[in-house]
Amino acid sequence: MKDDSPGLFGPLPSSRVVPVLVPMPAPVAYSYAVPDGMPVEPGSVVQVPLGPRQVIGVVWDGPEAGSVDPKKLRSITKVFDCPPLDGPMRTFLDWVAAYTLSPPGYVARMALRAPAALDPEPMVEGFRFSGMEPERMTPARRKVLDLAGDGLSWTKSGLAHASGVSTSVIDGLAAQGVFETVFLPPPPLVARPDPDFAEHRLAGPQKEAADEILDGIRKGGFSVALIDGVTGSGKTEVYFEAIAETLRQGRQVLILLPEIALTANFLERFQDRFGAKPGEWHSDLATRTREKVWRQAATGEIRVVAGARSALFLPFEDLGLIIVDEEHDPAFKQEDRVFYNARDMAVVRARIAGFPVVLVSATPSVESQVNCQAGRYKRIHLPTRFADAALPDLHLIDMRRHPPERGGFLSPLLLRAVGRTIERKEQALLFLNRRGYAPLTLCRVCGHRFQCPQCSSWLVEHRFRGQIQCHQCGYSEPTPQACPECGTLDHLVACGPGVERIAEEVEKHFPDARTLVLSSDLGGVKRLRLELEAIANGEADIVIGTQLVAKGHNFPLMTLVGIVDADIGLANGDPRAAERTFQLLSQVTGRAGRTGRKSHGLLQTFQPMHPVMQALVSGDASAFYEREIAERERAALPPFGRLVSIIVSADSRAEAETHARQLRQTAPVERDIAILGPAEAPLALIRGRHRFRLLVHGRRSSDMQGFVRAMLANGPKERRSIQVQVDVDPQSFL
DNA sequence: AGCACGCCGACT
DNA sequence: GTCGGCGTGCTC
């Protein structure tokens with residue numbers, strides 16, 4: 001009988017005791033006894049009893065946390081047969097936990113997110129030529145022995161396939177003892193990428209950029225480079241050279257991408273260059289595959305992983321380079337449980353382990369711009385588009401001077417441009433970052449506005465589905481005919497445009513054109529892929545799309561991009577609003593114009609003099625960035641502001657004080673600490689004077705956080721004051 | 001986080 | 001009379 005309870009059958013007093021991080025919000029590692037003879041070292045992945053269940057934990061550093069009641073001590077159940085997390089990895093996880101003020105157990109869990117991968121994959125049965133000739137030789141048997149006669153091991157299906165015979169031939173030979181059974185390590189998930197498979201011949205600025213980066217890689221050690229250049233300037237080719245060089249050094253590479261950019265297209269490009277696909281890591285990976293990727297990254301079989309932000313926590317055997325593509329993308333932020341920005345934490349991981357990082361973006365974040373100016377990051381600028389790709393000419397349409405006709409949202413100028421484009425049998429893209437038909441519905445009789453009963457944001461009409469939906473919480477109901485307030489029938493009026501409404505307007509003006517709406521709420525990934533393919537094949541004339549057209553996909557036949565409302569998002573109170581708008585619109589307009597034909601972008605705006613609009617049409621963003629940097633500095637926002645932590649206690653102020661004291665002692669980064677009681681915290685936040693990561697301490701902290709958030713969301717005028725992330729550049733604290 | 005224990009309201 | 005809500009406490 002197994003008994004791990006303390007006491008009579010508990011661990012002997014002489015047993016070794018080690019700290020173990022368990023997946024629980026405890027502030028420290030727990031202590032466990034090591035059964036005699038169990039091979040356990042810091043970093044070992046183990047299974048331990050925790051309360052009524054068995055959980056996965058990691059043996060951590062340092063002496064045992066002395067003050068545990070020995071009666072409570074329980075024993076490690078088993079050690080998994082996988083490589084222990086190495087020292088730099090443990091330092092990294094500790095650092096992230098301390099910086100983000102997250103329980104270390106949670107951070108460690110992010111590195112162990114592949115439960116069944118912890119034991120080795122089962123061996124695969126294989127066959128090896130035993131040296132004995134079969135009694136009777138047949139043509140099929142001959143073919144098999146021609147291949148396998150050199151004594152190498154084959155899997156049954158592999159050998160059958162390679163020699164063009166059926167597996168029964170192999171079975172027959174095996175039965176006679178011609179083959180002996182051997183057990184082979186499971187085949188690697190992906191082939192080894194070859195750094196010299198199809199080397200691009202780089203020239204000009206690309207060559208210079210690549211040389212500069214290779215220089216850093218050859219020197220070794222930590223460094224950060226930022227490659228910046230417009231869409232199509234060849235950034236990918238440049239960082240592929242960095243990857244090749246790292247592979248030649250025999251080290252592993254991680255490419256971080258926003259999830260949505262992890263497309264088949266990207267993987268193919270990688271394969272074209274390196275002759276094999278990289279390992280993939282993202283949220284909707286099949287469990288089995290996920291486990292394999294985890295393990296093979298840990299054992300070093302996989303040399304390159306391309307992954308979304310969580311791939312940063314994979315336990316590579318010998319990581320030598322991280323690429324962060326689309327470095328500015330907000331998708332690198334995780335905003336639940338452990339709050340982190342994978343771009344910044346990648347820099348930290350590289351610093352700790354001593355290898356280079358390459359950040360890549362056509363529209364770098366303000367933080368990275370500042371780091372370049374400060375000399376912390378090396379800026380590598382790629383000035384031109386190469387080959388036949390030409391950026392579209394961008395022009396503004398001043399909506400005050402060229403208003404749309406009544407009830408419409410497209411100005412005559414834009415409509416005319418669309419008309420000319422489809423006459424030439426080219427494609428036009430209309431971009432509006434708003435799903436549905438109309439963002440607000442109201443009753444013309446009593447003025448009632450349709451609001452979400454759960455979170456009070458406006459309900460968005462989706463005419464295709466006959467529903468009104470809340471984009472905040474997902475609530476939906478069938479579109480009503482009558483006003484629920486005054487009961488009047490057919491006097492509900494849609495206010496403002498969504499993509500569906502733009503499609504309606506387009507169809508009215510161009511009834512013969514083939515229009516297509518691309519929106520994340522219309523069908524799944526599969527449908528989207530088919531639609532993108534159809535567009536690439538010229539099966540649509542006018543595409544109307546939301547944000548999802550901005551990323552990952554190119555539209556080779558597109559020669560006109562119309563931005564329906566370039567001002568959306570400029571005035572939402574987010575200090576990053578202008579930066580985001582600039583980045584988004586740059587990206588959308590960059591989707592077009594790869595045909596070699598002349599292409600255009602038209603941006604409808606009410607604020608033609610706005611710095612974002614000026615930066616877009618002039619093609620020179622430097623003035624815009626200078627202004628953003630100055631604004632951030634003035635407002636003490638990231639990357640200049642000090643790190644502020646607000647401690648809200650769900651219990652008592654005394655408890656919050658204790659947390660603050662601990663924080664001052666243990667946090668790796670100096671920060672200002674404000675202590676607020678449960679009553680005052682929401683008020684302080686609502687006044688909107690601070691923008692900081694909201695930290696709520698105390699037992700029921702998750703409830704408390706929900707409460708504070710709800711207060712913020714419901715404060716009718718002040719919802720803009722919510723901001724739940726610290727983006728202070730960790731580099732400056734290292 | 002999970003999970004158990006424990007105490008009060010509406011149901012077979 | 002019980003089932004089940006979530007408030008509180010505990011896990012080496």
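By convention in this document, chain letters (A, B, ...) are assigned in the order of the sequence lines, proteins followed by strands, and residues within each chain are numbered from 1. None of these values were measured; they are calculated from a predicted model.
Side-chain contact check for A:Glu327 and A:Ser365: at least one donor-acceptor pair (N or O, by modelled atom type) lies under 3.5 Å.
What separates CE of A:Met24 from P of B:dA1 is a distance of 11 Å, to the nearest Å. The distance from atom CZ of A:Arg113 to atom C1' of B:dA1 is 11 Å, rounded to the nearest whole Å. The interatomic distance linking A:Arg53 (CZ) with C:dC10 (P) rounds to 17 Å, in whole Å. One interatomic measurement links the two molecules: CG of A:Leu50 to C1' of B:dG2, which rounds to 9 Å at whole-angstrom precision. Between the P atom of B:dA1 and the CG atom of A:Leu21 lies a distance of 17 Å, rounded to the nearest Å. To the nearest angstrom, C1' of B:dG2 lies 14 Å from CD of A:Gln54. Between the OH atom of A:Tyr32 and the C1' atom of C:dC12 there is a distance of 5 Å, given to the nearest Å. With rounding to whole Å, A:Arg16 atom CZ is found 19 Å from C:dC12 atom P.
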Please tabulate, one pair per line, all N/O donor-acceptor pairs under 3.5 Å involving side-chain atoms of residues 302-319 of chain A, not counting sequence neighbours.
| residue | atom | partner | partner atom | Å |
| --- | --- | --- | --- | --- |
| A:Arg303 | NH1 | A:Gly300 | O | 2.6 |
| A:Arg303 | NH2 | A:Gly250 | O | 2.7 |
| A:Arg309 | NH1 | A:Ala331 | O | 2.9 |
| A:Arg309 | NH1 | A:Lys333 | O | 2.9 |
| A:Ser310 | OG | A:Trp281 | NE1 | 3.1 |
| A:Asp318 | OD1 | A:Arg251 | NE | 3.2 |
| A:Asp318 | OD1 | A:Arg251 | NH2 | 3.3 |

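By the side chain to side chain contact (heavy atoms under 4.5 Å, CB included) test, A:Asp94 pairs with A:Trp60, sequence neighbours left out.
Residue A:Tyr30 places none of its side-chain N or O atoms closer than 4.0 Å to OP1 or OP2 of C:dT11.
In terms of heavy atoms, A:Pro42 sits closest to A:Asp61 at CB-OD1, 3.6 Å.
Nucleic acid contact for A:Pro25: base, since at least one base atom lies under 4.0 Å from a heavy atom of the residue.
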